[in-house]
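Worksheet: one structure, shown below.
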Amino acid sequence: MPPSPQEPAPVRPSNSRRVRQVVLVVVAAVVLLGVNVPPAWSYLSEWRHEQLINSPDYVRQYGHWDVVDVPEESRVNAIHAALLSSGKVLLIAGSGNKEDMFATRALKSLLYDPATGATRMIPVPDDMFCGGQTTLPDGRLLVAGGTQRYEKLDGAVTNAAGAMTVKNEDPNVPRVLPAGTVFVGPTGLRYRATQEVRLDPAQKTGQGRRTTVTASEEQVFVEAVDPGPAAVVPNPEKYQVEGLPPDVARNVYGQGQAMTLRKQDYQGTDQAYTFDPVSESWSRVSDMEFHRWYATLTPMSDGRVLTTAGLDGVGEVLAGQTEVFDPTTNAFTERQDLQHYFPTYPAIFETARAGRMVYTGANAGYGPADQGREPGFWDLDTGAFTAIPGLRDPDLLETAGSAFIGPVNDQEMAVVGGGGVGESPRSTGRIDYLDLTDPAPHFTPGPVLPEGVRYPNLVDLPDDTLLISGGSRDYRGKGGTNNHIARLLHPDTGALTPAADPAVGRDYHTEALLLPDGRVLTAGSDPLFDDEQNLVPGTFEQRIEIYSPPYLFRGARPTITAAPPTLARDQTATVPTPDAGHVRAARLIKASTATHVTTTDMRSVALDVGPAAGGVSVHVPENPALTPPGPYMLFLVDDRGVPSEARMVTVGPGRRALPD
Ligand SMILES: [Cu+2]
């Protein structure tokens, strides 16, 4: 264990004279100013701690954390983070979990350049807060879904409300009902649509007397026009649309669910956007087939994006509907053959067999405790889901982290930490491994973190270790339970070794990303309360803190003098370096995204390394399921485990690599 604020550091001999001087100064201050002795001693121990964590021996062994000085006008509630092909980091707040920002549409993202420290605020066109995200083959960032409406807690609901399925039985005419359209129930109670409703014409099949018409339908959330319990309707009812001529009203009507005064969950949008790292601007793409809040986007080997889970447009967990985004058409298509119920933000990754997905069981947020919580393989060709046994603490998977560990070529994963469903105080420090190459895959126990950890940030480093940092023992840091610890997991030995303690606590709405220079950026944290008594409402953590791993303190780093901008699968390329004699490994680490402990696109690909004139040769694996297309960081790593700074390269054909 490294010394930390909780475990007082031994003062090394070289410091003792300076410590004696400080003691004298402190004692003198105590005498002169009459200050209390405990604060003086705490100042002294703080000073000793600072000396220690900045000492060369310490940083070589445990690394170092630095809080970044971001100008006040550039601070955001970072809920999503993405490394772009430009090497810059996009931190997306949207409304930042602040309802007043949602109401005024003050929707933000921050572009941060870790190489220069430059910042630029970029407004966000829709509230992407709690959407899904991943990087596309051509380097654009895709963000799908987000917040259509904030939740309303029990007691805050004044007008009865519920879901209305609006139907159109007319096969010839589409209908648009504007937001505010009134639906009238059988007893004359009136409810207003909170969103616009767009109805396709009904579908007509067969001919003549065998013709059948299937109504088109859209769901919308409606609220009683008049407040109070009189508008509560316990049962489903048919509703008429106010103001429609009788011939239209025959075909267009509402089928309402129960109208209640109960808590109303967040509602997802169906909008999707891309962020272009070259023009540094947002563009809208086609809407999703479903509204989604807390959706998972998983990049696949063919460049398309699997889109799963979330809360829908009326705040209910989606029943398992799946859709796929195609970056060549910028459109989503439903896969009706793929139905699997997941809780929100399920951690779904593509394995080395294209189309065979693995759900580690880790998730974040919503859904019943007894549905969709079991880890398993999901075969996208057959739709079959096969459970994976053996995970410890299987009831503590909400807010767990999961990732490939070491090179993705090894197909080894870890599930780290997690807590009970909902606002449970329970959490675990369990780290379990999953070897995907095993003929009968099952979880095996790994080391255990010294504390229970919800929301751990996991980051694959170029030396093949996994950084585990941040998190909190209780739900959203309640009771002052932020962990303030970091560990390095070594997949080759299974060892878990201490890393320096981060200064900033990170609980809910936090994220971490590897940077091209080999450091790790951490951002966000959204505690429920600011005090240990849980009385003071929480403040969103806007500080960025960057971790420099131990490999950055071991002397000169290997360098890459030039790199090909693109690499193809099964290609051998020369990477020029003056350090060829010391280079032992090359890694391609995907420019990944992070939010809500769901980073499904992070992977480190081991490249075969050989001799080449003026540098080293690297060979990219042939299997596209190991190396899905998109931007990657290319690192060379020397015989001491010290990585070069990365060069950004694109694997596979990207939009910008194709002739116009
Ligand atoms: Cu969220």
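Whatever order the structure lists them in is the order used to number ligands and atoms, beginning at 1. Values below: all heavy atoms of this structure, side chains included; hydrogens, waters and symmetry mates excluded.
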Point to revise | Residue and atom names of protein N/O/S atoms that fall under 2.8 Å from the Cu ion (ligand 1) | key: Cys130 SG, Tyr294 OH, His509 NE2, His596 NE2
Exercise for review: Would you check if the distance from the ring center of Trp378 to the ring center of Phe342 is below 6.0 Å?
Suggested key: yes
Check your understanding: Does any pair with a residue in residues 521-540 pass salt bridge (charged side-chain N to carboxylate O under 4.0 Å, His left out), and if so which ones, sequence neighbours excluded?
Key -> Arg476-Asp526
**Study point:** Set of residues satisfying salt bridge (Lys or Arg N to Asp or Glu O under 4.0 Å) with respect to Asp287, sequence neighbours excluded
**Key:** Arg284
Review point. Mind checking what makes salt bridge (Lys or Arg N to Asp or Glu O under 4.0 Å) contact with Glu323, not counting sequence neighbours?
Key: Arg292
Check your understanding: Would you call the rings of Trp65 and Tyr547 parallel, tilted or perpendicular, where under 30° means parallel and over 60° means perpendicular?
Key -> tilted
Check your understanding: Any chance CZ of Arg105 has more than 12 other-residue heavy atoms, nucleotides or ligands included, within less than 6.0 Å?
Key -> yes
